[in-house]
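It should be emphasised that the depicted structure is a prediction, and the values quoted were computed from it without experimental measurement.
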Amino acid sequence: MFSGLLTALVVELTHFLSKHPDFFDRKAEAKEEAVKTLKVPTSLKHYLAHVSSEHFLKDLRFAMQVINGAAINQLGLHGNSFFKAVVEFLTTSFATKLDELPERFYMLPYEDRVKVAAEVIESENAVAAALRDAVVVNSYQELATTVEDLAKEVAGATTVLVQMPRDIPVELKKEMRNALQAEHPFSFPIFQINRGLIGGFRLFVNGSTKDYSWFNRIVKITSYV
């Protein structure tokens, strides 16, 4: 599902390196300055600035295998720095973009989904284009499942599900994501509408019901939304 994203990332990274053949020989400060021009997520810039040429080539081979259809759980990617950078982006910045989509987004006609996706993911580069395609073509559940599976395989992330009686503001979702990810790094909290709930929330971590003290504060906030 994210083969388009991986392809775009590989193209951007290799194109950048072709223009900077001495990149891996530079000092750390020079690398960090050079990657600022890259049109990739911040986590991938940080990855490239700190990875060795040997590890980059290994990561490139893994990425190409996934692009060509290899199953992620058969490649031994746990702890892989490239894929951890991808997961970091997908579970933070990309997750926030998904939260910004209107509740009825996936019920819109294809042409309208394309327009809305272009408004939410505005950047004009190959990576943004690949993300827009993924959002338009796949359902939220398909996207969430794919990110979750990758996060579990690469970073041992937990499954986090938040059930609520109605949709909540994007900023509140972001606050909740930050709090949950502080407790469960690399997780991709899924916000699910359960209209059977009279009020409040249900929080599940790896299938078990959880309750955190900060959650009561959020419940009080949303009672006024």
Side-chain angles (χ1 to χ4, degrees), residues 1-26 28 30-98 100-101 110 113-138 142-151 153-155 186 188:
M1 183 180 300
F2 284 112
S3 60
L5 170 62
L6 291 178
T7 299
L9 290 173
V10 168
V11 169
E12 291 293 334
L13 293 176
T14 55
H15 179 65
F16 171 83
L17 292 173
S18 70
K19 294 169 61 178
H20 302 84
D22 65 336
F23 179 79
F24 289 113
D25 296 323
R26 299 181 185 182
K31 290 181 181 179
E32 291 174 358
E33 183 63 30
V35 297
K36 290 180 180 179
T37 63
L38 259 172
K39 295 181 179 179
V40 298
T42 301
S43 60
L44 272 300
K45 293 180 182 181
H46 183 269
Y47 155 79
L48 189 62
H50 294 85
V51 71
S52 68
S53 58
E54 293 79 11
H55 277 94
F56 176 76
L57 291 175
K58 291 179 181 179
D59 293 342
L60 186 61
R61 286 194 289 271
F62 280 131
M64 293 305 301
Q65 286 179 278
V66 176
I67 290 170
N68 291 324
I72 291 174
N73 60 3
Q74 296 179 354
L75 296 177
L77 296 179
H78 184 76
N80 179 276
S81 57
F82 171 76
F83 281 93
K84 282 186 75 172
V86 173
V87 168
E88 180 181 343
F89 164 68
L90 291 175
T91 57
T92 54
S93 299
F94 179 64
T96 298
K97 291 298 181 182
L98 288 182
E100 292 176 10
L101 296 174
Y110 175 81
R113 294 202 305 274
V114 171
K115 292 179 181 177
V116 174
E119 294 171 357
V120 173
I121 305 175
E122 301 178 70
S123 301
E124 291 303 324
N125 55 59
V127 173
L131 292 172
R132 286 194 291 269
D133 288 343
V135 167
V136 169
V137 172
N138 301 284
E142 289 171 327
L143 292 168
T145 299
T146 300
V147 175
E148 271 194 325
D149 289 346
L150 181 61
E153 189 64 31
V154 174
F186 294 100
F188 184 84

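- Every residue meeting the salt bridge (Lys or Arg N to Asp or Glu O under 4.0 Å) condition with Asp22, not counting sequence neighbours, appears here in chain and number order: Arg26.
- Remark: Arg61 CZ to Phe56 CZ distance equals 11.0 Å, nearest 0.5 Å.
- Interatomic distance, Asn138 CG to Phe2 CZ, rounded to the nearest 0.5 Å: 7.5 Å.
- For His55, the side chain to side chain donor-acceptor pair (under 3.5 Å) partners two or more places apart in sequence, or in a different chain, are Ser52.
- Looking at every heavy atom in both residues, Ser43 comes nearest to Ala85 through OG-O, 2.7 Å.
- We find the OG-CG distance between Ser18 and Leu13 to be 11.0 Å, quoted to the nearest 0.5 Å.
- When the salt bridge (Lys or Arg N to Asp or Glu O under 4.0 Å) test is applied to Arg113, no partner is found at least two apart in sequence or on another chain.
- Take Ser53 and apply the side-chain contact (heavy atoms from CB on, under 4.5 Å) test, not counting sequence neighbours, and it matches Phe24.
- For Phe82, the ring-ring contact (aromatic ring centres under 6.0 Å, His included) partners two or more places apart in sequence, or in a different chain, are Tyr47.
- No side-chain heavy atom of Lys45 sits under 4.5 Å from any side-chain heavy atom of Glu32.
- His20 meets the ring-ring contact (aromatic ring centres under 6.0 Å, His included) test with Phe16; sequence neighbours excluded.
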Solution key, residues 34-42 side-chain donor-acceptor pairs under 3.5 Å, sequence neighbours excluded:
from: Lys36; atom 1: NZ; to: Glu33; atom 2: OE1; distance (Å): 3.1
from: Thr37; atom 1: OG1; to: Ala34; atom 2: O; distance (Å): 3.0

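- The side-chain heavy atoms of Phe23 and Leu48, taken from C-beta on, include a pair separated by under 4.5 Å.
- The side-chain heavy atoms of Leu75 and Phe83, taken from C-beta on, include no pair separated by under 4.5 Å.
- Screening residues 1-16 for side chain to side chain donor-acceptor pair (under 3.5 Å), with sequence neighbours left out, gives no hits.
- Asp149 is linked by a side-chain contact (heavy atoms from CB on, under 4.5 Å) to Thr145, counting only residues two or more places apart in sequence or in another chain.
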Cut-off 3.5 Å, no hydrogens considered: what does the side-chain donor-acceptor table look like for residues 127-137, sequence neighbours left out?
from: Arg132; atom 1: NH1; to: Ile121; atom 2: O; distance (Å): 2.6
from: Arg132; atom 1: NH1; to: Ser123; atom 2: O; distance (Å): 2.9

When the side chains of residues 86-96 are checked against the rest of the protein, which donor-acceptor pairs come out under 3.5 Å, sequence neighbours left out?
from: Thr91; atom 1: OG1; to: Val87; atom 2: O; distance (Å): 2.8
from: Thr91; atom 1: OG1; to: Glu88; atom 2: O; distance (Å): 3.4
from: Thr92; atom 1: OG1; to: Glu88; atom 2: O; distance (Å): 2.5
from: Thr92; atom 1: OG1; to: Phe89; atom 2: O; distance (Å): 3.4
from: Thr96; atom 1: OG1; to: Thr92; atom 2: O; distance (Å): 3.1

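- The structure places OG1 of Thr146 at 11.5 Å from CG of Leu5, a figure rounded to the nearest 0.5 Å.
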Side-chain donor-acceptor pairs under 3.5 Å in residues 65-74, sequence neighbours left out?
from: Asn68; atom 1: ND2; to: Met64; atom 2: O; distance (Å): 3.0

